[in-house]
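So the structure is just underneath, and the comments pick up after that.
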Amino acid sequence: MNIVIIAVICLDLHLHTPMYLFLCNLSVVDMCYTTVTIPKLLYILLSGNNTMPFTQCLIQMYFMLIAASAEEIILFIMAYDRYVAICHPLHYHQILSKKICILLILVTWIGGNINSSFVTSSILKMVFCSSVTIHQFFCDAKALVNIACGGTEMFYILSYAEYLVFGFCPVMCNLLSYVQIIRVIQRITSKDGQRKAFSTCSSHLIVIAIYYGSCLSVYMIPPSDRYAILEQILTMFYTTVVPVLNPLIYSLRNKEMNSSLRKLVS
């Protein structure tokens with residue numbers, strides 16, 4: 001479905017706007033999630049061989065962290081896009097010009113790469129003593145920390161910085177954007193105008209709620225064998241189910257996307 005959204009946006013000139021450029025990048029990020037995790041998981045299930053070399057584990061974790069960081073940035077940019085579109089509609093194309101949009105996309109992917117490089121390098125400083133078994137279906141940083149017996153200080157420092165930069169700050173900015181958007185929508189006199197304005201934001205709000213809700217659920221679970229199965233289920237949800245839900249939410253609730261898709265098919 002993500003491939004369909006990318007194809008529709010690329011082929012339909014009417015969708016060459018900032019909002020759909022960011023949606024296209026969100027689809028690329030969602031494809032990265034499934035591409036990084038699913039092939040190895042299928043190989044393990046089909047072959048019964050659940051071993052993975054440490055280098056391969058680090059590579060998988062590196063690209064997974066890029067996808068996670070990029071998604072958090074792109075969701076914030078999409079919230080800012082809706083804020084500008086509703087609160088400053090006359091200056092929309094001036095504020096989100098082609099140059100600014102390209103710059104924002106570059107920041108998304110460069111920021112994701114930098115964050116992933118720092119976190120992955122901190123994993124290399126860890127010491128693994130007896131256990132080399134991680135209770136997860138892919139190489140997750142949290143799962144590796146749980147079996148480490150030393151050298152985790154740098155990882156925790158970087159993790160707190162990551163939670164602040166890629167977690168707390170984007171969430172607060174998203175909330176502030178939607179507070180302003182709701183204030184502007186409330187000033188619209190016609191009910192039809194309010195409905196149209198809110199409908200442009202509803203898909204993004206649903207995606208944010210699902211993504212951050214599932215991520216928080218995973219990282220709030222204490223490191224204990226009692227919760228190992230629950231953690232795996234929730235991790236599976238936000239790394240494989242959420243990337244599939246995102247394009248469905250945007251395509252089903254977006255008239256322009258549906259119209260362009262019908263034109264492409266016909």
Side-chain angles (χ1 to χ4, degrees), residues 1-6 8-9 19-38 41 63-83 85-86 108 111-112 115 136-138 140-143 162-163 165-179 181-182 185 197-221 227 229-258 261:
M1 192 65 189
N2 282 301
I3 296 174
V4 174
I5 285 182
I6 293 168
V8 170
I9 292 171
M19 183 180 85
Y20 291 104
L21 172 65
F22 302 141
L23 176 57
C24 185
N25 272 269
L26 180 64
S27 294
V28 172
V29 171
D30 288 337
M31 284 175 63
C32 290
Y33 269 117
T34 50
T35 304
V36 170
T37 57
I38 297 300
L41 178 61
F63 285 104
M64 195 68 188
L65 286 168
I66 290 175
S69 305
E71 176 137 12
E72 285 156 8
I73 298 171
I74 204 75
L75 287 175
F76 161 63
I77 293 172
M78 291 175 78
Y80 179 68
D81 169 76
R82 293 300 82 208
Y83 164 76
I86 293 173
T108 297
N115 177 59
Q136 194 53 273
F137 73 96
F138 74 101
D140 181 43
K142 184 184 176 185
E162 182 188 26
Y163 294 152
V165 176
F166 291 93
F168 180 76
C169 289
V171 168
M172 291 307 297
C173 290
N174 284 328
L175 288 173
L176 290 172
S177 295
Y178 277 106
V179 166
I181 287 169
I182 290 167
I185 290 174
F198 188 75
S199 67
T200 63
C201 308
S202 57
S203 298
H204 185 249
L205 274 170
I206 294 168
V207 168
I208 284 178
I210 292 173
Y211 178 75
Y212 282 111
S214 57
C215 286
L216 281 172
S217 300
V218 171
Y219 286 96
M220 291 295 285
I221 294 174
Y227 303 106
I229 300 298
L230 176 62
E231 185 176 344
Q232 289 175 38
I233 292 168
L234 290 172
T235 305
M236 175 80 77
F237 180 78
Y238 94 83
T239 55
T240 57
V241 179
V242 172
V244 175
L245 286 176
N246 285 351
L248 290 173
I249 292 166
Y250 275 104
S251 59
L252 291 174
R253 298 183 62 86
N254 192 303
K255 290 180 181 178
E256 287 182 316
M257 279 294 300
N258 286 327
L261 183 59

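Please read all numbers here as calculations on a predicted model, not as lab measurements. Residue numbers start at 1 and run along the sequence shown.
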| Verdict with supporting geometry, Val244 and Thr240, side-chain contact (heavy atoms from CB on, under 4.5 Å) | CA-CA 7 Å; Val244 175; Thr240 57; over 6 Å; no
| query | Can you tell if the side chain of Tyr212 reaches within under 4.5 Å of the side chain of Asn174, non-hydrogen atoms only? | reply | yes
| message | Between Thr34 (side chain only) and Met31 (backbone N and O only), is there a donor and an acceptor less than 3.5 Å apart? | response | yes
| message | Are more than 12 heavy atoms, taken from residues, nucleotides or ligands other than Phe166, located less than 6.0 Å from that residue's CZ atom? | response | yes
| said: Working to the nearest 0.5 angstrom, can you tell me the gap between Ile210 CD1 and Leu205 CG? | reply: 11.0 Å
| query | Just wondering, do Tyr20 and Ile5 contact through their side chains at under 4.5 Å, heavy atoms? | reply | no
| message | Could you check whether atom CG of Leu175 has more than 12 heavy atoms from other residues, nucleotides or ligands sitting under 6.0 Å from it? | response | yes
| remark: Separation between OG (Ser69) and CE (Met64), nearest 0.5 Å, reads 11.0 Å
| request: Identify the two heavy atoms, one from Ile181 and one from Cys201, that lie closest to each other, and give their separation to 0.1 Å. | output: CG2-SG, 4.0 Å
| CD1 of Ile208 to OG of Ser203: how many Å apart, nearest 0.5 Å? | 11.0 Å
| task | Output the distance between atom CD (Glu71) and atom SG (Cys32), rounded to the nearest 0.5 Å. | result | 10.0 Å
| Could you give the distance from CD1 (Ile9) to CG (Leu21), rounded to the nearest 0.5 Å? | 8.5 Å
| query | Would Asn25 and Thr108 satisfy side-chain contact (heavy atoms from CB on, under 4.5 Å), going step by step from the backbone distance to the final call? | reply | CA-CA 9 Å; Asn25 272 269; Thr108 297; over 6 Å; no
Would you tabulate the side-chain donor-acceptor contacts of residues 72-81 under 3.5 Å, counting partners in other chains and residues two or more places apart, or write 'none'?
unit_1	atom_1	unit_2	atom_2	d
Glu72	OE2	Tyr211	OH	3.4
Asp81	OD1	Tyr92	OH	2.5

| Quick one: CZ on Phe168 to SG on Cys173, what's the gap to the nearest 0.5 Å? | 9.5 Å
| field | Contact summary for Val29 and Ala70, nearest pair of heavy atoms | value | CG2-CB, 3.9 Å
